[in-house]
Number of protein chains: 2
Amino acid sequence: MDDGVAVLRADAQRNYDRLIHTATTIFEVQGASATLESIAKGAGVGIGTLYRHFPTRRALLEAVYADRVAKLVARVPSLLQKMSPDKALLSWLEMTVDYSLQYGGFSGLLEVASKEKDSPITSAGSQLLTKAQEAGLLRNDVTMVDLLRLINGIVVDIAPEDVKRTNTLVSVIITGLKT
Amino acid sequence: MDDGVAVLRADAQRNYDRLIHTATTIFEVQGASATLESIAKGAGVGIGTLYRHFPTRRALLEAVYADRVAKLVARVPSLLQKMSPDKALLSWLEMTVDYSLQYGGFSGLLEVASKEKDSPITSAGSQLLTKAQEAGLLRNDVTMVDLLRLINGIVVDIAPEDVKRTNTLVSVIITGLKT
DNA sequence: ACCTGAACACCGTTCAAGT
DNA sequence: ACCTGAACACCGTTCAAGT
């Protein structure tokens, strides 16, 4: 019985850590479409080693942003405790937008995760949306996948000078969801 | 004095027409990111000829969808004549979404054009939005670039089974814009 | 004036050889 | 068990040579 994390050989573990560290930095600067070659090179490993640890770009993005996703998930119950579910959803969406704006590659992860109804991000948001809908606060004909599609549209390819527009756009969406 | 359209040598004109025709078909099937190589090949011309006529992918997209853009522009005054400006904007946005869903490459054009405040598409929509704002029907703190960002988010990378969701999402946005 | 396609650059992905 | 990087595939873009 273990905790589900495979034990790696010392050199493999070191390469894994270096890849995560380098990818974090490079995604930060260049965004989620940075070349994998540059990440491998920056980490001082062969490109094959990157592929061994992370068979897809998505796997790498998930590993790099695992802690932020965990934070988004953890925020759900604490928000529900403090405020009404519609306000909680608004707050949670703003947090998601903030992560996308702060961390270069996060929006690349959001882009794929938002399309799946049972990804960690979608599942977390769904709890808030469903609660708000059950309370009759938000319209019933919208799913979390729908909502994240709109949110993703707000942050994708955004220019630095447009960042200040995002709050307004999130508020448009939330207002549009009110019953 | 001419009409602004350069007169091409007969073979050049034929190649131009073939490129447009082939590009229309291929964008339809594969979307705006189809390879330029496949378009040149399908048109029976060298890749250099494609670049001579269309120096960028965007130039090709604009040429292919010129008539649809013209329709969107032409629709503005006729919509304003028939209904209130907020309803006109909703109708116009639905038309824009329909084009993006119907024509494979149109959303690729929308993606770039929507970011410029004076592209033909943005300018056309702006007239409706401004009228609706002046009439006090829609909130004043949103621009057409903002709005097209949301619209683009709705249609980009949409799976066939999600197409039916787009009407709901457009209505969420319009509702959210109401004062 | 226009066309062709080879050539170059760049990136993703695999896999044989090595430790 | 893990790593390396050459090799292959693919695509965008340019430009010398040709008509």
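None of the values given here were measured: they were computed from a predicted structure. Each chain gets a letter, A, B and so on, in the order the sequences are listed, and its residues count up from 1.
B/Leu101 and B/Tyr65 fall within a single hydrophobic cluster, where Ile, Leu, Val, Met, Phe, Trp and Tyr are joined by side-chain heavy atoms under 4.5 Å apart, directly or via other members.
Listed candidates were D/dT14, D/dG5, D/dC11. Nearest to the side chain of B/Thr35 is D/dC11. Checking C/dT13, D/dT14, D/dT4 against every side-chain atom of A/Ile47, the shortest atom distance belongs to C/dT13. Looking at the side chain of A/Arg9, the nearest of the listed nucleotides D/dT14, C/dT13, D/dC2 is D/dC2.
Between the side chains of A/Thr49 and A/Arg18, no donor N or O sits under 3.5 Å from an acceptor N or O.
What separates NZ of A/Lys41 from P of C/dC10 is a distance of 11 Å, to the nearest Å. If you measure from atom CD of B/Glu37 to atom P of C/dA7, you get 15 Å, rounded to the nearest angstrom. Across the protein-nucleic acid pair, A/Tyr51 atom OH and D/dA1 atom P stand 24 Å apart, rounded to whole Å. One can place CD1 of A/Ile39 at 12 Å from C1' of C/dC11, the figure rounded to the nearest angstrom. When the P atom of C/dT13 is taken as reference, atom NE2 of A/His53 falls 17 Å away, rounded to whole Å. A straight line from CG of A/Leu50 to P of D/dG5 spans 14 Å, rounded to a whole angstrom. In this structure, CZ of A/Arg57 is placed 11 Å from P of C/dC11, rounded to the nearest angstrom. Nucleotide D/dA9 holds its P atom 20 Å from the CG atom of A/Leu36, rounded to whole Å.
Using the six-membered ring where Trp is involved, B/Tyr16 and B/His53 have ring planes that are perpendicular, over 60° apart on the 30 and 60° scheme.
B/Leu72 approaches B/Ala124 most closely through the heavy-atom pair O-CB, 4.4 Å.
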Which dot-bracket notation, 5' to 3', represents the base pairing of DNA chain D when pairs are defined as Watson-Crick or G-U with both distances under 3.5 Å, crossing pairs as [ ], and inter-strand pairs as |?
-> ||.|||||...|||||.||
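Under the 4.0 Å criterion applied to side-chain N and carboxylate O atoms, A/Glu116 and A/Arg58 are assigned as salt-bridge partners.
Annotation: proximity of residues 10-20 of chain A to DNA chain D (heavy atom, distance under 4.0 Å) is found for A/Asp11, A/Ala12, A/Asn15, numbered in ascending order.
Among B/Asn167, B/Val172, B/Thr166, B/Thr168, the single residue meeting the side chain to side chain contact (heavy atoms under 4.5 Å, CB included) criterion with B/Ile154 is B/Thr166.
Within the 4.5 Å cutoff, no side-chain heavy atoms of B/Leu61 are placed close to those of B/Val112.
Listed for the A/Arg149 side chain is a donor-acceptor partner under 3.5 Å among the backbone atoms of B/Val156.
Residue-level contact check: A/Arg52 touches the bases, meaning some heavy atom is under 4.0 Å from a base atom.
Toward the 5' end of DNA chain C, the nearer of the two residues A/Gly48 and A/Ser33, judged by each one's closest nucleotide, is A/Ser33.
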